[in-house]
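As structure tokens, the structure follows; a few thoughts come after it.
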Amino acid sequence: MKIALDEIPGLLEQVRETADSKFGDFTATLAMPLAKKLGVKPRDLASKLILRINQHQLFEKKFEPISAPIGPGFINVRVRDQALAEGLRIACLDSQLGVPKVTQPQTIVLDYSSPNVAKPMHVGHIRSTVIGDAISRILRFRGHIVITDNHLGDWGTQFGMILWGWKRCRDETAYQETPTQELGRLYRLVRKVVDSDPKELSQDPIAAGLAEKYPNARREVLAETAKLHEGDSENRRLWEQFMPVCREEIERIYGRLDVTFDHTMGESFYQPLLAGVVKDLTSSGMARESRGAVGVFLDGYESPLLVQKADGAFLYATTDLATLAWRAEHWKPDRILYIVDHRQSQHFQQVFATARAWGCRSDEQLSETDLVHVAFGTVLGEDGKPFKTRVGDAVGLEALLDEGVERAGRVVGEGEQARQGMNDAKRQEVAEAVGIGAIKYADLSQNRTTDYVFSFDKMLELKGNTAAYMQYAVARVEGIVNRGGVDRKLLHQEISKDSSILKFSDPLERRLALAVLKLGAVLEDVEIDYRPNVMTSWLYELASCFSSFYDALSVLKAEGSQRTTRLVLCDLTGRTLRQGMELLGIRVPNQM
RNA sequence: GCGCCCGUAGCUCAGUUGGAUAGAGCAGCGGACUUCUAAUCCGCAGGUCACAGGUUCGAAUCCUGUCGGGCGUACCA
């Protein structure tokens with residue numbers, strides 16, 4: 001029997017967890033396809049493999065001997081209790097909970113959140129922000145060099161709309177009081193005027209009046225944008241006046257979400273580079289003029305990637321290319337991840353293809369970089385259509401957070417003796433962690449690629465598979481530690497030399513041990529295709545194992561090695577759940 | 001027209017290079033607090049994995065077709 005070296009990874013991937021514990025802990029399905037290839041009977045091959053595996057020293061140390069193939073040729077293995085105990089010991093004594101750093105750290109740039117600063121943030125912005133934040137935390141924890149960059153939309157047509165509106169229908173008093181709201185009002189108003197959708201206008205007499213008064217509003221808005229881009233002093237001055245106001249607004253929301261960025265370099269930052277990008281693309285023959293505009297024509301696409309409009313203005317493709325080049329030059333990343341709505345996938349395909357071709361010609365940097373569009377589904381309104389920033393249409397992000405904290409606060413207040421000793425400040429802190437955690441978790445636990453209809457009740461649910469479930473499990477661990485006066489340092493000392501004191505006396509303990517030791521493997525899986533819901537599924541599984549364990553077995557009343565084993569399981573599970581939640585950007589209070 | 005994505009329990013969804021009896025949560029029904037926090041636990045019920053073929057030891061998963069839905073498709077981002 002001969003197996004080529006490059007076949008081995010593929011075969012190893014055919015080892016997986018069993019669906020049912022009666023089949024052991026892990027199963028290998030490789031005998032069936034391999035037997036077919038070799039023209040032998042699967043069960044015979046499996047038997048031969050088992051014979052050899054059983055003799056292997058490393059295997060013998062960690063696993064119980066395999067008896068015989070099951071069914072068509074499954075090879076089922078069971079971890080030795082002592083090996084499991086040793087795993088617990090190592091993870092428990094490690095500040096990284098037994099998760100090794102990657103052997104070859106990469107420099108990874110993450111581009112996420114990227115709101116339009118002129119528009120109020122609404123619930124549609126939550127996905128990019130929360131998913132990007134979670135992925136960046138996870139990649140860092142694994143040992144990569146992560147650079148996060150919030151690519152603000154601070155230079156586009158939306159500013160032309162605000163400038164146009166500011167000059168014609170601003171409410172000075174309202175601006176003095178709440179500048180962001182006034183700018184938001186102007187944006188929404190002008191957008192309606194520009195779109196001049198009869199249905200919309202019939203519902204908004206002010207917009208309708210403006211539309212009638214300024215029939216050329218669309219052209220004028222574009223002209224305001226163009227003037228800003230050309231450096232017109234008045235528009236430039238207004239832009240500089242509005243920017244800090246807009247920034248302050250979004251920073252406050254990031255603060256509440258616990259989201260931070262290493263850099264915040266908006267579109268405006270790349271503005272001086274745009275003309276050069278177009279020139280470069282044109283002179284290298286990649287872009288050409290067409291119908292007055294300039295675009296890159298790629299094989300396999302119906303429409304070109306436009307980099308300059310007929311009126312001379314640049315487009316977001318231009319900015320994206322300039323940004324890419326800048327990042328490649330200054331950060332030399334191995335990977336750049338764009339956490340952006342799936343509706344832009346074609347745009348990114350074209351941008352990436354252009355960038356690769358372009359980078360190959362100018363210098364080699366771009367071709368070395370792995371460009372990934374981490375797409376996610378759209379957040380839809382109750383009508384099943386994407387949210388739009390209209391009056392009364394989208395739920396504001398801030399309002400969602402407030403509501404989440406308020407609902408959580410109601411539950412925090414209603415408990416019995418468990419909440420003893422919690423003062424009002426503590427309660428507020430717990431309500432924040434639980435309420436905002438619920439919102440983040442609701443989004444992260446959803447498969448990244450599917451759209452979902454936004455629902456207050458669903459996002460703010462606190463029962464079942466929600467953030468509160470994990471937070472609650474940790475609070476129970478802390479309850480045990482407190483009530484029992486457990487000194488974690490002493491506990492760690494007790495097992496620091498060897499793990500033989502750890503013994504499993506109940507299947508629930510063993511199941512919990514297996515679950516808690518999966519953190520490293522799970523993080524690896526999350527990185528493979530950037531799916532935080534892999535993480536939430538496992539966290540729920542872990543917390544669920546713990547809850548069953550907690551309910552059925554007493555920790556503090558146990559004695560001797562049984563007590564030590566259970567305490568170690570509690571300590572490690574609590575710390576692992578906390579770490580896991582924090583990697584998702586969710587806070588975990590000690591008490592709730 | 002072309003391209004991409006989707007269709008799984010009453011509802012919301014997991015299920016990812018094909019693995020054993022398709023899983024959770026919510027809603028429903030029945031049980032469990034004098035005990036380390038009941039935001040919990042245990043149990044019951046609930047399915048033609050849109051449909052029809054095909055590939056094979058094995059298909060929700062891969063291929064083909066049909067039906068249904070979403071998104072994108074030249075100067076918004």
Side-chain angles (χ1 to χ4, degrees), chain A residues 10 13-14 16 18-20 23 27 29 32-33 35-36 42 70-74 76 114 116 153 156-158 194 222 267 290-295 300-311 313-317 319-320 340-347 349 375 377-378 380 384-386 408 411-412 414-420 434 445-447 449-453 455 457-458 461-466 468-469 471-473 475-484 525 528-529 531 533-534 536-537 540-541 544 547-548 550-558 566 570 591-592:
Chain A
E13 282 184 28
Q14 294 186 49
R16 60 200 69 202
T18 50
D20 191 320
F23 297 127
T27 186
T29 60
M32 285 85 88
K36 178 171 180 154
I70 309 293
F74 292 106
N76 299 336
S114 310
N116 269 312
T157 314
Q158 78 276 14
V194 166
L222 292 178
E267 294 173 321
S290 168
R291 300 183 211 168
V294 180
Y301 294 95
E302 267 185 273
S303 47
L305 183 72
L306 291 187
V307 291
Q308 187 165 25
K309 300 200 284 185
D311 67 4
F314 303 112
L315 293 110
Y316 78 130
T319 316
D320 280 350
V340 182
D341 191 302
H342 73 284
R343 285 174 294 177
Q344 293 194 36
S345 59
Q346 188 177 307
H347 165 74
Q349 278 175 26
T378 311
L380 309 171
K385 295 198 168 141
V411 182
V412 176
E414 92 188 359
E416 348 74 58
Q417 85 278 27
R419 281 86 185 181
Q420 278 171 8
V434 172
S445 59
Q446 182 104 6
N447 182 320
T449 56
T450 44
D451 293 350
Y452 69 83
V453 175
S455 149
D457 290 337
K458 198 189 158 195
E461 183 65 61
L462 298 174
K463 292 191 290 183
N465 186 2
T466 66
Y469 186 82
Q471 290 167 325
Y472 187 62
R476 282 172 142 184
V477 168
E478 296 304 330
I480 289 176
V481 170
N482 273 330
R483 190 64 70 96
D525 283 349
I528 289 172
D529 39 16
R531 293 191 316 157
N533 75 310
V534 170
T536 59
S537 299
Y540 184 69
E541 181 200 326
S544 178
S547 295
S548 301
Y550 180 93
D551 199 72
L553 309 171
S554 179
V555 177
L556 295 176
K557 282 184 188 159
R566 290 180 183 174
C570 287
Q591 198 187 358
M592 64 188 277

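Letters A, B, ... are given to chains in the order of the sequence lines, protein chains preceding strands, and every chain is numbered from 1.
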Just verifying a value: how many Å separate A:T466 OG1 and A:Q471 CD, rounded to the nearest 0.5 Å?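 If I round to the nearest 0.5 Å, the distance is 8.0 Å.
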
Any side-chain donor paired with an acceptor under 3.5 Å for A:N447 and A:T449?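 The criterion, which ignores hydrogens and geometry beyond distance, is satisfied for A:T449 and A:N447.
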
Using distance alone, with no hydrogens and no angle criterion, decide if A:Y469 and A:S547 have a side-chain donor and acceptor under 3.5 Å apart.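 Their side chains do contain a donor-acceptor pair, which is all the 3.5 Å distance test asks for.
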
Counting only side-chain nitrogens and oxygens, does [X] get under 4.0 Å of the OP1 or OP2 atom of [N]?
X      : N     : value
A:Q446 : B:C13 : yes
A:R16  : B:G19 : yes
A:Y452 : B:C6  : no
A:S548 : B:C42 : yes

Please evaluate the base of [N] for a donor-acceptor partner in the side chain of [X] within a cut-off of under 3.5 Å?
X      : N     : value
A:N76  : B:A20 : yes
A:T27  : B:A20 : yes
A:Q349 : B:G3  : no
A:N447 : B:U16 : yes
A:Y316 : B:A77 : yes
A:S537 : B:A24 : no

Sugar-phosphate, base or nothing in reach of [X], heavy atoms under 4.0 Å:
X      : answer
A:N533 : sugar-phosphate
A:Q344 : base
A:R291 : base
A:L315 : sugar-phosphate

Starting at atom [atom1] of [X], determine the distance to atom [atom2] of [N], rounded to an integer number of angstrom.
X      : N     : atom1 : atom2 : value
A:R483 : B:U35 : CZ    : P     : 10 Å
A:K463 : B:A39 : NZ    : P     : 11 Å
A:Y301 : B:A74 : OH    : P     : 14 Å
A:Y550 : B:A32 : OH    : P     : 20 Å
A:Q158 : B:A77 : CD    : P     : 8 Å
A:N465 : B:U12 : CG    : C1'   : 12 Å
A:M592 : B:U37 : CE    : C1'   : 10 Å
A:R566 : B:U35 : CZ    : P     : 19 Å

Start at the 5' end of RNA chain B and walk down; is the nucleotide closest to A:F74 or to A:R531 reached first?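 Counting from the 5' end, the first nearest nucleotide belongs to A:R531.
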
Find which nucleotide of RNA chain B each of A:G479 and A:F23 is nearest to by heavy atoms, and output the residue with the more 5' nucleotide. A:F23

Do side-chain atoms of A:D341 reach the backbone of A:R343 as a donor and acceptor pair under 3.5 angstrom? yes

Is the shortest side-chain heavy-atom distance between A:T29 and A:F74 below 4.5 Å? yes

Side chain proximity check, A:Y550 to A:I480, heavy atoms < 4.5 angstrom: yes

